[in-house]
Amino acid sequence: MIDKTVATAADAVAQIYDGATVMIGGFGSAGQPAELIDALIAQGARELTIVNNNAGNGDTGLAALLKARRVKKIICSFPRQSDSYEFDALYRAGEIELELVPQGNLACRIQAAGSGLGAVFTPTGYGTLLAQGKETREINGKHYVLEYPISADFALIKAQQGDRWGNLVYRKTARNFGPIMAAAAKVTIAQVSEIVALGALDPEQVVTPGIFVQQLVAV
Amino acid sequence: MIDKTVATAADAVAQIYDGATVMIGGFGSAGQPAELIDALIAQGARELTIVNNNAGNGDTGLAALLKARRVKKIICSFPRQSDSYEFDALYRAGEIELELVPQGNLACRIQAAGSGLGAVFTPTGYGTLLAQGKETREINGKHYVLEYPISADFALIKAQQGDRWGNLVYRKTARNFGPIMAAAAKVTIAQVSEIVALGALDPEQVVTPGIFVQQLVAV
Amino acid sequence: MTYQPLSRDQLAARVARDIPEGSYVNLGIGLPTRIANFLDPEKEIFLHSENGLLGMGPAPAPGEEDPELINAGKEFVTLLTGGCYFHHGDSFTMMRGGHIDICVLGAFQIAANGDLANWHTGAADAIPAVGGAMDLAVGARKVFVTTDHVTKKGEPKIVERCSYPLTGVGCVDRIYTDLAVIDVTPQGLLVQEMVPGITREQLQAMTGAALQFSANCQ
Amino acid sequence: MTYQPLSRDQLAARVARDIPEGSYVNLGIGLPTRIANFLDPEKEIFLHSENGLLGMGPAPAPGEEDPELINAGKEFVTLLTGGCYFHHGDSFTMMRGGHIDICVLGAFQIAANGDLANWHTGAADAIPAVGGAMDLAVGARKVFVTTDHVTKKGEPKIVERCSYPLTGVGCVDRIYTDLAVIDVTPQGLLVQEMVPGITREQLQAMTGAALQFSANCQ
């Protein structure tokens, strides 16, 4: 019998190693896997590269991970916010590396990794600072920038319900990056509000099929 | 009030013009929009380029469209089947053009069109006849072929339920190409088994959001 | 002559008038978000938010906020009957694949050729953040920009060439300022409307690029 | 010496033994499909079908066929409890993104370097059809091939170099024939098992590329 559930968030993140690339779901705090992040802080892995839309809000979740100085580099689209003071301080002190990626390129590059593409010509960013030094090409009269996949060793995501095969459904706009990050990481760990019996999720309504999920934990 | 429903399949396909590129959903007969195809045959548009996984089965649906000699070219992954005799005869007589595309490249190129990419480096087909003459590139030690988007003037798809805003849900493996074709065509026409009231579809469970659908008809 | 610039609400209301029923629309963070308040409630217009919803409704009643139902500005919102949720990949397929009819963005600068700068001042100590602005700039069928006509210091925001880092190249279709409505055309900037009382010369003096005027602008 | 080639069912059963519990597996059209019949029912193994389902179950009882529940071979199937449906884009993400642990494909020819030919005879009047074979060949973590060791005319199907058009380059990991199990290794073809009674010399004589033999093959 295959059962991908683990007992605690600590168990789920135990395997994350120093220097790993970790995708973290969420758009602001919606969909942020707060309990998994807390467990990762307690676990102690360092020198992480984090992929997230933002760079933390307030002093919890991803911001707390930054504050604990576990993050070497962050790949995101929107670091600076009214409450991104933890990131701001590290960045101004030169203590964190930032790769700024337009949000659509971020999504697209994560999807490219999940789906096995080698690179994609995307329309976004052409002629801007964020395409500097990148290969460009005109195709049918439009300009494109060549962008490479972003893959990860681990993805930490939040879903609403999951079953022991790892099938997931989400809630409202907390869905955001969860499904595409799940496909782009070697090991995807989902925290869910509820683990349900196999068969409780309608097969027409599963958003993330279990093939993309290696572990899940109810929090 | 926005109401994308039309009364009959004939109304839905009335706008399809000679020489149009038309995506047709379905994998074999599962998900094939049979009533829309019949209406298209009756409507009379000619010199069509058809995008479908197959090249028709038996003598109904897409096969009947071929038999009526409305198709100039077909882009598909698996034309030859035990019951693809209509296509086989036209092909051997040199009366239809075939662009054979590996199924994953077909899906990926349709998705590239829907999502605005200029081109993608895909792993499939490298070193084979189907990549002959195409640009290739080695990226991180793997070989890729550059493939371009496949877009369409129209997509004809089949869904299970739809509402007046064009939101769709599908049934079992009839889903197949429907959602990705809907995004890749200028005008997507869906036949549905049932039109339901706005709000009857759970917002978590809509598979094709109405933004990708221009018309729908109950058959 | 004397004239009164549009208030922020008047500017939002002016843009709202140009959004036809049935449009799929993304309203950027800031003033563009305010446009939603002025859409004709009799018209069905589909608001898209890049964090994964279509059919966005107004702010919830106090006490009914849901932290998992927010917009791209991370404000609490609601979902209309008939709306739906989707993931970021699908959301940006909508934005980049030409499925959004209109997006409305703010601006630091707009150039005469339609270049837009709205994400980064270029200052050495600035922390840049881009979000979905570059995607909307290249992906929406029509790009509207709302802006004050001049900066707080009185400098033109409509310029011959942007000095700030670009968001998109030649992407702007129409500019709505507190003084005028200006189309970006292949022949240059064409003023379609001006606030009452302003002269062509006054408007040109506050604009860093040459203006042309349609017949209905006295 | 005399020996008995494996029957098709024996070959299917032999492959089934090598599929661990928890694997995500795509079984190609033809003999590979038959492997499903021999998977240990005590093991949970996830069968994927490229037309959009995961957790594929056996054929339905007569009278319970659903034309909208089919596999890639367009045969009626069922869905296991815990299975799910998805669209072609997501299905090929699974296949091309390295998420399928094992695929099993048929073959016209396999070369010593792992090249596979299984979609097209190259004959001038043939109508080619490729389906998802090329995607599986490059995308699955392990590519198993099942085949008769020789053609009906007695010609080797394992060759130095494929004469038929390729499906994938260097993609095959393991070959299961009715006579032997052979790994494709960087050092060449390594026979792991042979049917009882066959000699190394007999097997080599029916193979168009040099074989090496692991110690347990007498």
Side-chain angles (χ1 to χ4, degrees), chain B residues 25-31 53-55 57 76-84 87-88 91-92 98 100-108 110-111 114-115 122-132 142-144 158 160 170-183 207-208, chain D residues 29 49-54 56 66-79 83-98 115-120 122 124-139 162 164-171:
Chain B
F27 182 91
S29 54
N53 187 62
N54 302 107
N57 300 81
C76 72
S77 88
F78 209 82
R80 189 202 58 224
Q81 301 173 270
S82 58
D83 58 352
S84 62
F87 170 80
D88 297 3
Y91 183 77
R92 293 194 197 281
L98 169 66
L100 187 70
V101 181
Q103 199 172 157
N105 283 355
L106 186 64
C108 175
I110 292 169
Q111 288 186 294
S115 58
T122 96
T124 299
Y126 175 79
T128 77
L129 274 182
L130 298 185
Q132 267 185 349
K142 276 193 70 172
H143 295 278
Y144 298 90
K158 179 186 182 184
Q160 182 65 9
Y170 300 82
R171 184 170 175 277
K172 302 189 178 179
T173 59
R175 186 184 306 193
N176 59 68
F177 283 92
I180 65 173
M181 287 182 170
V207 174
T208 295
Chain D
I29 296 174
S49 187
E50 56 258 45
N51 56 318
L53 76 165
L54 189 62
M56 182 167 60
D66 183 337
E68 296 189 333
L69 183 41
I70 60 173
N71 67 11
K74 305 191 174 76
E75 301 163 319
F76 298 117
V77 294
T78 53
L79 189 76
C84 63
Y85 304 107
F86 35 83
H87 64 54
H88 251 76
D90 288 345
S91 188
F92 280 80
T93 285
M94 296 177 190
M95 292 161 71
R96 293 151 54 109
D115 287 357
L116 172 66
N118 81 347
W119 69 288
H120 190 5
D125 66 338
I127 298 179
V130 64
M134 288 186 180
D135 302 289
L136 287 165
V138 301
C162 295
Y164 290 143
L166 295 187
T167 304
V169 176
C171 58

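Numbers restart at 1 for each chain; the letters A, B, ... are given by sequence-line order, proteins then strands.
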- [ ] Kindly write out the residues that satisfy side chain to side chain contact (heavy atoms under 4.5 Å, CB included) with Ala174(B), not counting sequence neighbours, or none if the list is empty.
- [x] Glu68(D)
TODO: Mind listing the closest non-hydrogen atom pair of Pro123(B) and Val138(D) along with its distance?
DONE: O-CG1, 3.7 Å
Open item on the list: With chain B as the partner, which of Gly168(D), Ala137(D), Ala72(D), Ala133(D) has the greatest number of non-hydrogen pairs under 4.5 Å?
Closed with: Ala72(D)
- [ ] Tell me, for Ser91(D) versus chain B, whether the close heavy atoms (under 4.5 Å) come from the side chain, the backbone, both or neither.
- [x] neither
- [ ] Find the one option among His143(B), Gln103(B), Arg175(B) whose heavy-atom pairs under 4.5 Å with chain D are most numerous.
- [x] Gln103(B)
Open item on the list: If I compare all heavy atoms of Tyr126(B) with all of Val169(D), which pair ends up nearest, and what's the gap?
Closed with: O-CG2, 3.5 Å
Task: Considering all heavy atoms, the nearest Pro79(B)-Ile127(D) contact - done: CG-CG2, 4.2 Å
- [ ] First locate atom CG of Asn176(B), then atom CG of Asn51(D), and finally report the distance between them rounded to the nearest 0.5 Å.
- [x] 7.0 Å
Open item on the list: Once rounded to the nearest 0.5 Å, what's the spacing between atom CG of Leu129(B) and atom CE of Met134(D)?
Closed with: 7.0 Å
TODO: For each of Ile180(B), Leu100(B), Asn57(B), tally heavy-atom pairs with chain D at distances under 4.5 Å, and name the one with the top tally.
DONE: Leu100(B)
Task: Heavy-atom proximity to chain D below 4.5 Å, by part of Asn54(B) - done: side chain
Task: Among Arg96(D), Lys74(D), His120(D), residue most engaged with chain B (heavy-atom pairs, under 4.5 Å) - done: Arg96(D)
- [ ] Under 4.5 Å heavy-atom distance to chain D, tell me which part of Tyr170(B) shows up: side chain, backbone, both or neither.
- [x] neither
Task: Under 4.5 Å from any heavy atom of chain D - which part of Thr128(B) - done: both
Task: Phe27(B)/His88(D) aromatic ring centres below 6.0 Å - done: yes
Task: Toward chain D, the part of Val101(B) with a non-hydrogen atom under 4.5 Å - done: backbone
TODO: Identify which of Gly132(D), Pro128(D), Gly139(D), Pro67(D) forms the greatest number of heavy-atom pairs closer than 4.5 Å to chain B.
DONE: Pro128(D)
TODO: Nearest 0.5 Å please: distance from the CZ atom of Phe76(D) over to the OG1 atom of Thr173(B).
DONE: 10.0 Å
Task: chain B contacts, top residue of Ser49(D), Gly89(D), Gly52(D) (heavy-atom pairs, under 4.5 Å) - done: Gly89(D)
Open item on the list: Please find the pair of heavy atoms, one from Gly131(D) and one from Phe78(B), that lie closest to each other, and give the distance.
Closed with: N-CD1, 3.3 Å
Open item on the list: Give me the atom names and distance for the closest heavy-atom approach of Thr124(B) to Asp135(D).
Closed with: OG1-OD1, 2.7 Å
Open item on the list: Just so I understand: if I count every heavy-atom pair under 4.5 Å between each of Leu98(B), Ile110(B), Leu130(B) and chain D, which residue has the most?
Closed with: Leu130(B)
TODO: Tell me, out of Asp66(D), Leu136(D), Asp125(D), who's got the most heavy-atom pairs with chain B below 4.5 Å.
DONE: Asp66(D)
Task: Proximity breakdown for Arg171(B) and chain D, heavy-atom pairs closer than 4.5 Å - done: both
Task: Greatest number of heavy atom pairs closer than 4.5 Å to chain D - which of Asn105(B), Asn53(B), Asp88(B), Val207(B) - done: Asn105(B)
Task: chain B contact via Phe92(D) - side chain, backbone, both or neither, heavy atoms under 4.5 Å - done: side chain
